[in-house]
Structures are given as C-alpha cells and as structure tokens.
Amino acid sequence: MTERGDRERGKPMRQLVLHDEEMAGAEVIRLDEDAEEPRPARGMRRAGWLLVTCGLALLPWLYVLATGLPATATVTHWPVAWVGLDALEALGLIATGLLAARGDRRHALAAAATATLLVVDAWFDTTTATPGSDLATAITMALGAELPLATLCARLALRTPNRPA
C-alpha cells in the first residue's frame, strides 16, 4: 500500500521521525493504525504469566507476614546487611556511570537495578530508624541522596537511545 493510495482514500498518513545528532539523515517509520503489536514469543508469554502468577501468590503471604511477624527483632548480622546493601549501591552507581559515560546502552540495566536498590535502602532506613535523630537522619538521607539518585537512575533507564549496541 502506498502513501498516495492512503491519502486518496482519506486515510491519514502518520509517520514517526527519529532524530539523532549522530545520524546523517532521519529514519522514517510508518505507523499503521490497524497494525497489531507483534505477539511475544511463546516462551516469553509463559514467563510473563508465570511472573504474574507468582506475584498474585505473594498477596496472601503479605497478610501472613503483616499479622504474624513480631514488632521487634534482634538481628545478628545487622551491620553486614547494611554494608552489603550500600556496597551494592556503590557498585551499581559506578557501573551505571561508567556505562553511561561510554555511551553503552547496557547502562539502562544497571540504572534500573541501582534505582531499585536506592529506593529499597531509603525505605528500610526510614522504616527501621528509631524515633528522634536516627529517623531525622534517615529522612534526610532519603530525600537528599537516595531518592534523587534513584530518580536519576530511573530516568537513565527509561531514556535509552534506540541505537544498535
């Protein structure tokens, strides 16, 4: 079907033009309103439904945890848990930064994982802090460092250029 044929029948022609400073010209991609999204491969669909099923199965477990966990707990390796989490964040930030600086599209994967770690850290810092100066420090760290860095990483993960690797 030609563009002219579509116009003669009164069907509007839509085009998406991608611009990139590194490109000599522009790539034009025709968008058909009637075109269906390509169907994912069978294995991908199965993996997707397996993940949905697992997520739904966790919902009753949340109730069990909420009603059955003690209000306080003694943790033997508390420093190891926090140092390990912060070490993973540092590695994630370094990997994301190096990949992004090199223009490697894989920075999006590192950025998504790092954003997740930073949000988890902010969540657990604020929810496990004792009232007073510990809570104030946790909130300050969350609002001043962890959540802004998570936002930056999320933006990097979502704004990946569509160039070949």
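Positions are given from 1 along the sequence.
- Hydrophobic clustering, with ILVMFWY side chains joined whenever heavy atoms are under 4.5 angstrom apart, keeps V120 apart from L58.
- Expressed to the nearest 0.5 Å, how far OG1 of T151 lies from CG of L156 amounts to 11.0 Å.
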Name every donor-acceptor pair, under 3.5 Å, that has one atom in a side chain of residues 80-96 and the other anywhere in the protein, sequence neighbours excluded.
unit_1 : atom_1 : unit_2 : atom_2 : d
T96    : OG1    : G92    : O      : 2.7
T96    : OG1    : A110   : O      : 3.3
T96    : OG1    : A111   : N      : 3.3

Please tabulate, for side-chain N and O atoms in residues 122-146, each donor-acceptor pair with protein atoms closer than 3.5 Å (sequence neighbours left out).
unit_1 : atom_1 : unit_2 : atom_2 : d
T126   : OG1    : A122   : O      : 2.9
T126   : OG1    : W123   : O      : 3.1
T127   : OG1    : W123   : O      : 2.8
T128   : OG1    : F124   : O      : 2.5
T130   : OG1    : D134   : OD2    : 2.8
T137   : OG1    : S133   : O      : 2.9
T140   : OG1    : A136   : O      : 2.8

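- Between C153 and A115, the shortest heavy-atom contact is CB-CB, 3.8 Å.
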Validation: residues 38-46 side-chain donor-acceptor distances under 3.5 Å, sequence neighbours left out:
unit_1 : atom_1 : unit_2 : atom_2 : d
R45    : NH1    : P40    : O      : 2.6

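- Neither L62 nor V64 shares a network with the other; the hydrophobic side chains, linked directly or stepwise wherever heavy atoms of I, L, V, M, F, W or Y lie under 4.5 Å apart, form separate groups for each.
- Applying the ring pair (Phe, Tyr, Trp, His ring centres under 6.0 Å) definition to pairs two or more places apart or across chains, none involves residues 44-69.
- Under the 4.5 Å side-chain heavy-atom criterion for grouping Ile, Leu, Val, Met, Phe, Trp and Tyr, L158 is not connected to L149 through any hydrophobic cluster.
- Remark: L51 engages no residue in a side chain to side chain contact (heavy atoms under 4.5 Å, CB included) (not counting sequence neighbours).
- Listed by chain and residue number, nothing satisfies the side-chain hydrogen bond (donor to acceptor under 3.5 Å, both in side chains) test with T53 (two or more places apart in sequence, or in another chain).
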